[in-house]
Amino acid sequence: MSTQWVMFGIKNCDTIKKARRFLTDAGVDYHFHDYRADGLSDAQLQEFIDALGYTTLLNTRGTTWRKLPEAEREAITDADSAKALMLAQPALIKRPLLRTPNGTLLAGFSEATYQNAIQEKP
């Protein structure tokens with residue numbers, strides 16, 4: 001288990017920028033893992049799916065999803081098909097994902113949720 005905060009995402013995402021600013025302003029020392037620059041392994045994505053479920057992770061509200069051919073979107077029927085697509089196109093993963101020092105994964109950004117996580121003792 002990590003003893004460090006880790007944020008996963010894509011650095012040019014506006015929501016990522018807000019979440020990073022929030023953590024910095026709160027004095028949280030964290031590592032940023034950029035899917036595009038640092039990559040995303042099958043094992044990492046499986047860990048995320050195991051913790052949150054593929055339906056929580058798959059961002060079906062973003063531009064990347066809307067640009068997919070309808071047949072590709074309809075082919076997502078289970079965790080394996082979603083995982084293959086998210087590995088091929090990490091921009092489809094809900095952002096940000098934040099791993100707290102106690103191993104909890106938070107999907108998306110909410111100031112209240114982040115504040116609660118910061119106040120929890122590891």
Closest contact, heavy atoms only, I16 versus G9: CD1-CA, 3.8 Å
Do Y54 and T56 make a side-chain contact, defined as non-hydrogen atoms from C-beta onward lying under 4.5 Å apart? no
Are any of the side-chain heavy atoms of F8 and P96 separated by less than 4.5 Å? no
Hey, is the main chain of T100 close enough, under 3.5 Å, to the side chain of T104 for a donor-acceptor pair? no
Of all the heavy-atom pairs spanning F48 and Y35, show the shortest one and how long it is. CE1-OH, 4.0 Å
Is it true that K83 and D42 have a side-chain N and a carboxylate O under 4.0 angstrom from each other? yes
Hey, what do you get for CH2 (W5) to CZ (F32), rounding to the nearest 0.5 Å? 16.0 Å
Nearest 0.5 angstrom please: L98 CG to S110 OG, how far? 11.5 Å
Distance-only donor-acceptor check, side chains N116 and T113, under 3.5 Å: no
Side chain to side chain donor-acceptor pair (under 3.5 Å) with R99: of Q4, H33, H31, E47, only one passes, and it is E47
For the student: nearest non-hydrogen atoms of L52 and L105, plus distance: CD2-O, 3.6 Å
Would you mind writing out the side-chain donor-acceptor pairs for residues 63-71 within the sub-3.5 Å range, not counting sequence neighbours?
unit_1, atom_1, unit_2, atom_2, d
R66, NH1, R61, O, 2.6

Shortest non-hydrogen separation from R95 to T15 and the atoms involved: O-CG2, 3.9 Å
Between atom CD of Q44 and atom CD1 of I49, what is the distance when rounded to the nearest 0.5 Å? 12.0 Å
Could you walk me through whether F22 and V28 pass the side-chain contact (heavy atoms from CB on, under 4.5 Å) test, one step at a time? CA-CA 9 Å; F22 183 87; V28 174; over 6 Å; no
Over 12 foreign heavy atoms within 6.0 Å of CG, N12: yes
As an exercise, state the distance from CZ of R20 to CG of L23, rounded to the nearest 0.5 Å. 9.0 Å
Start with the C-alpha gap between T24 and Y30, add the side-chain angles, then the distance that decides, and say whether side-chain contact (heavy atoms from CB on, under 4.5 Å) holds. CA-CA 8 Å; T24 299; Y30 68 94; 3.8 Å; yes
Which heavy atom in A91 sits nearest to a heavy atom in R36, and how many Å separate them? CB-NH2, 3.8 Å
Do T60 and L92 come within less than 4.5 Å of each other through their side chains, counting heavy atoms only? no
Counting C-beta onward and ignoring hydrogens, is there a side-chain heavy-atom pair between L97 and M7 closer than 4.5 Å? no
Name of the residue among N59, L40, L58, I10 meeting side-chain contact (heavy atoms from CB on, under 4.5 Å) with I93: L40
For the student: nearest non-hydrogen atoms of A19 and F109, plus distance: CB-CD1, 3.6 Å
